[in-house]
Amino acid sequence: MSLEVRESVPLASLTTLGVGGPARFYAEAAGEAAVVEAFRFAEARGVPLFVLGGGSNLVVSDRGVDALVLRVRVRGVEVVGGEVVGGEGLDPAGRVLVRAGAGEGWDDLVARAVAEGWAGVECLSGIPGDVGATPIQNVGAYGQEVAETIAEVRAVDRATGAVAVIAGADCGFGYRDSLFKRAWRGRYVITAVTFALRPGGAAAVRYPELQRALAAAPGGAAPPLGEVRGAVIALRRGKSMVLDPGDENGRSAGSFFMNPTLAAGDAAGAVARIEAAGVLAPGEAIPKYPAGGGRVKLSAAWLIERAGFAKGTRHGAAGISTRHTLALVNRGGATAAELLDLARRVRRGVLDRFGVALSVEPDLVGFAPGEIADLVGDAHGADQGG
């Protein structure tokens, strides 16, 4: 057996939050054959299999995970393709097809793309984690999502051990969502992702905050990719959203809550409740944006602050970031229980004040269903996450 399996491996140090107990079993897979071995190991011992990526979107329970925790370490980045329109490695639309192993660092891939002049992922700079996790969550930031560039996903089917190649168009991507989080949850282990990027293409500077940082006018000439990447990383650093051991807010899982998207009628009701709550300053507008299909997206950070939860709020050794209201942080020695208690307080406060239920973004792993039902249950008007 080429798969090395260890027992009682601490997981806290493998996550960006730095909380949680051990894995009953832990292994790393450098190839698809090892992934299949992991399936067989877990089945033979009657335990679930949980795939660990970069640990950046994860809360592990304090008692740990009674499962085989598998870290997929498939590496390699290559330009792929045959004799197609535009030359080798280019698809008929003139995009370069870049395949990256699931174990490659996401920001390393973004840095490579920017350096090569391949547009399509520049606004996703500075996001921690591995390439293999990006399709699951449909990672997005500053007006860009991986759904825009994913050409295909290569994965191993847990039921059969066979390799499946799934077109990006068939992944059911939505806001922080995909079929990998819903109907296909637990079915596939992703081993590689192919992205269709635009050689010499213009950067996607759509997000107002990014436009202001770059002094870019809507519809004007796009700045160079490297300048956009630098601006995005600076914005993320200003919110403690890059990994920095010296940052007091650095131990986090990124955004803990997703921006709620509401049907038009629900959004109108939420706006009415917010206005009636008396939380608006004179002349202040409620942040809201069209989300497609007649839906409206509200700002979770704005709702949290107006519900009375200020930056820097603490709950034991857990707290809200001093820089970004969406981030819950480990101040040093926090437990998963403390973090989830704080999340419950925030979620209940927004629901009670404005009637809007926030959905938790990180995966909650190792918890009994009853322990987290109030955090992952159906949220009125909000996209669901796992």
* Are the side chains of R212 and P208 in touch, meaning some heavy atoms are under 4.5 Å apart? -> yes
* **Joint cluster assignment, V365 & L68, ILVMFWY side-chain distance < 4.5 Å** => no
* To do: Verify the neighbour count for atom CZ of R348: are there more than 12 heavy atoms of other residues, nucleotides or ligands below 6.0 Å?
  => no
* Applying the 4.5 Å side-chain criterion to the ILVMFWY set and letting contacts propagate, would F309 and L298 be lumped into a single cluster? -> yes
* To do: Taking T16 for its side chain and S252 for its backbone only, find out whether a donor-acceptor pair lies under 3.5 Å.
  => yes
* Mind checking whether V98 and T194 have side chains closer than 4.5 Å, heavy atoms only? -> no
* Asked: When rounded to the nearest 0.5 angstrom, what distance separates OG1 in T191 from CD in E32?
  -> 4.0 Å
* What pair of heavy atoms forms the shortest contact from G132 to I190, and how long is it? -> O-CD1, 3.5 Å
* Asked: Do V146 and V131 share a hydrophobic cluster, counting only Ile, Leu, Val, Met, Phe, Trp and Tyr and linking them when any side-chain heavy atoms are less than 4.5 Å apart?
  -> yes
* Asked: How long is the span from the OH atom in Y26 to the CZ atom in R6, to the nearest 0.5 Å?
  -> 6.5 Å
* Is the shortest distance from a Lys or Arg side-chain nitrogen in E43 or R158 to a carboxylate oxygen in the other one below 4.0 Å? -> no
* Check each of I166, L179, D177 against C171 using the side chain to side chain contact (heavy atoms under 4.5 Å, CB included) test, and report the only one that passes. => I166
* To do: Identify whether L70 and V163 are in the same connected component of the hydrophobic contact network (ILVMFWY, side-chain heavy atoms under 4.5 Å).
  => yes
* Any sub-3.5 Å donor-acceptor pair from S255's side-chain atoms to F257's backbone N or O? -> no
* Basic-acidic side-chain contact under 4.0 Å: R331, E338 -> no
* Lys NZ or Arg CZ of R45 over F41 ring: under 6.0 Å, within 45° -> yes
* Asked: Can you find a pair of side-chain heavy atoms, one from V79 and one from L97, that are under 4.5 Å apart?
  -> no
* Indicate yes or no for a side-chain donor-acceptor contact from S240 to the backbone of N249 under 3.5 Å, with no hydrogens or angles considered. => no
* Is there a chain of hydrophobic side chains (I, L, V, M, F, W, Y, each step under 4.5 Å between heavy atoms) that links I320 to V329? -> no
* **Flag, side chain of N330 to backbone of R251, donor-acceptor distance under 3.5 Å** => no
* Asked: Should R229 and D107 count as an ion pair when the cut-off is N to O under 4.0 Å?
  -> yes
* Decide yes or no on side-chain contact (heavy atoms from CB on, under 4.5 Å) for F256 and L340, but give the supporting numbers first. => CA-CA 10 Å; F256 208 91; L340 294 196; 4.0 Å; yes
* Taking the six-membered ring where the residue is Trp, are the ring centres of W106 and F195 under 6.0 Å apart? -> yes
* Asked: With no hydrogens and no angle check, is any side-chain donor or acceptor of Q211 less than 3.5 Å from a backbone partner on V205?
  -> yes
* salt bridge (Lys or Arg N to Asp or Glu O under 4.0 Å) between R71 and D130, worked out -> CA-CA 10 Å; R71 183 79 190 270; D130 292 348; 2.9 Å; yes
* Short side-chain to backbone donor-acceptor contact, D157 and G161, under 3.5 Å -> no
* Ignoring hydrogens and geometry, is there a side-chain-to-backbone donor-acceptor pair from E284 to A281 under 3.5 Å? -> yes
* To do: Measure across A100 and V77 and return the closest heavy-atom pair with its distance rounded to 0.1 Å.
  => CB-CG2, 4.1 Å
* Please lay out, stage by stage, how E209 and K239 fare under the test salt bridge (Lys or Arg N to Asp or Glu O under 4.0 Å). => CA-CA 13 Å; E209 185 182 14; K239 300 173 183 177; 2.9 Å; yes
* Answer yes or no: is there a side-chain heavy-atom contact under 4.5 Å between L262 and R295? => no
* Would you say E122's side chain and G120's backbone share a donor-acceptor pair under 3.5 angstrom? -> yes
* Write down the atom of F367, the atom of V59, and the distance for their closest heavy-atom approach. => CE1-O, 3.5 Å
* Apply the test side-chain contact (heavy atoms from CB on, under 4.5 Å) to residues C123 and L210: give CA-CA distance (whole Å), side-chain angles for both, the deciding distance (0.1 Å), then the verdict. => CA-CA 9 Å; C123 296; L210 182 58; 3.7 Å; yes
* Asked: Between A213 and L235, which heavy-atom pair has the shortest distance, and what is it?
  -> CB-CD1, 4.1 Å
* Answer yes or no: is there a side-chain heavy-atom contact under 4.5 Å between V189 and V72? => yes
* Minimum-distance pair of heavy atoms, taken over all atoms of S125 and V232 -> O-CG1, 3.6 Å
* For residues N259 and R176, is any side-chain donor paired with an opposing acceptor at under 3.5 Å? -> no
* To do: Measure the CD1-OG distance between I127 and S56 for me, rounded to the nearest 0.5 Å.
  => 9.0 Å
* Asked: Any idea which heavy atoms bring L124 and A141 closest together, and the distance?
  -> CD2-N, 3.4 Å
* Any chance CZ of R40 has more than 12 other-residue heavy atoms, nucleotides or ligands included, within less than 6.0 Å? -> no
* To do: Could you please spell out the steps behind the side-chain contact (heavy atoms from CB on, under 4.5 Å) verdict for V153 and F180?
  => CA-CA 11 Å; V153 176; F180 296 107; 3.9 Å; yes
* Asked: Are any non-hydrogen side-chain atoms of M258 and Y175 less than 4.5 angstrom apart?
  -> yes
* Working to the nearest 0.5 Å, report the span between CZ of R347 and CG of L303. => 13.0 Å
* **Non-hydrogen side-chain atoms of E275 and I286 separated by less than 4.5 Å** => yes
* Hey, is the main chain of W302 close enough, under 3.5 Å, to the side chain of E305 for a donor-acceptor pair? -> no
* Could you go through the side-chain contact (heavy atoms from CB on, under 4.5 Å) check for T15 and V60 one step at a time? => CA-CA 8 Å; T15 73; V60 176; 4.2 Å; yes
* E148/R198 salt bridge by N-O under 4.0 Å criterion -> no
* If you count the non-hydrogen atoms of other residues, nucleotides and ligands that lie under 6.0 Å from CZ in R99, is the total more than 12? -> no
* Basic-acidic side-chain contact under 4.0 Å: D247, R237 -> no
* State, with a plain yes or no, whether a side-chain heavy atom of L52 is found less than 4.5 Å away from one of L14. => yes
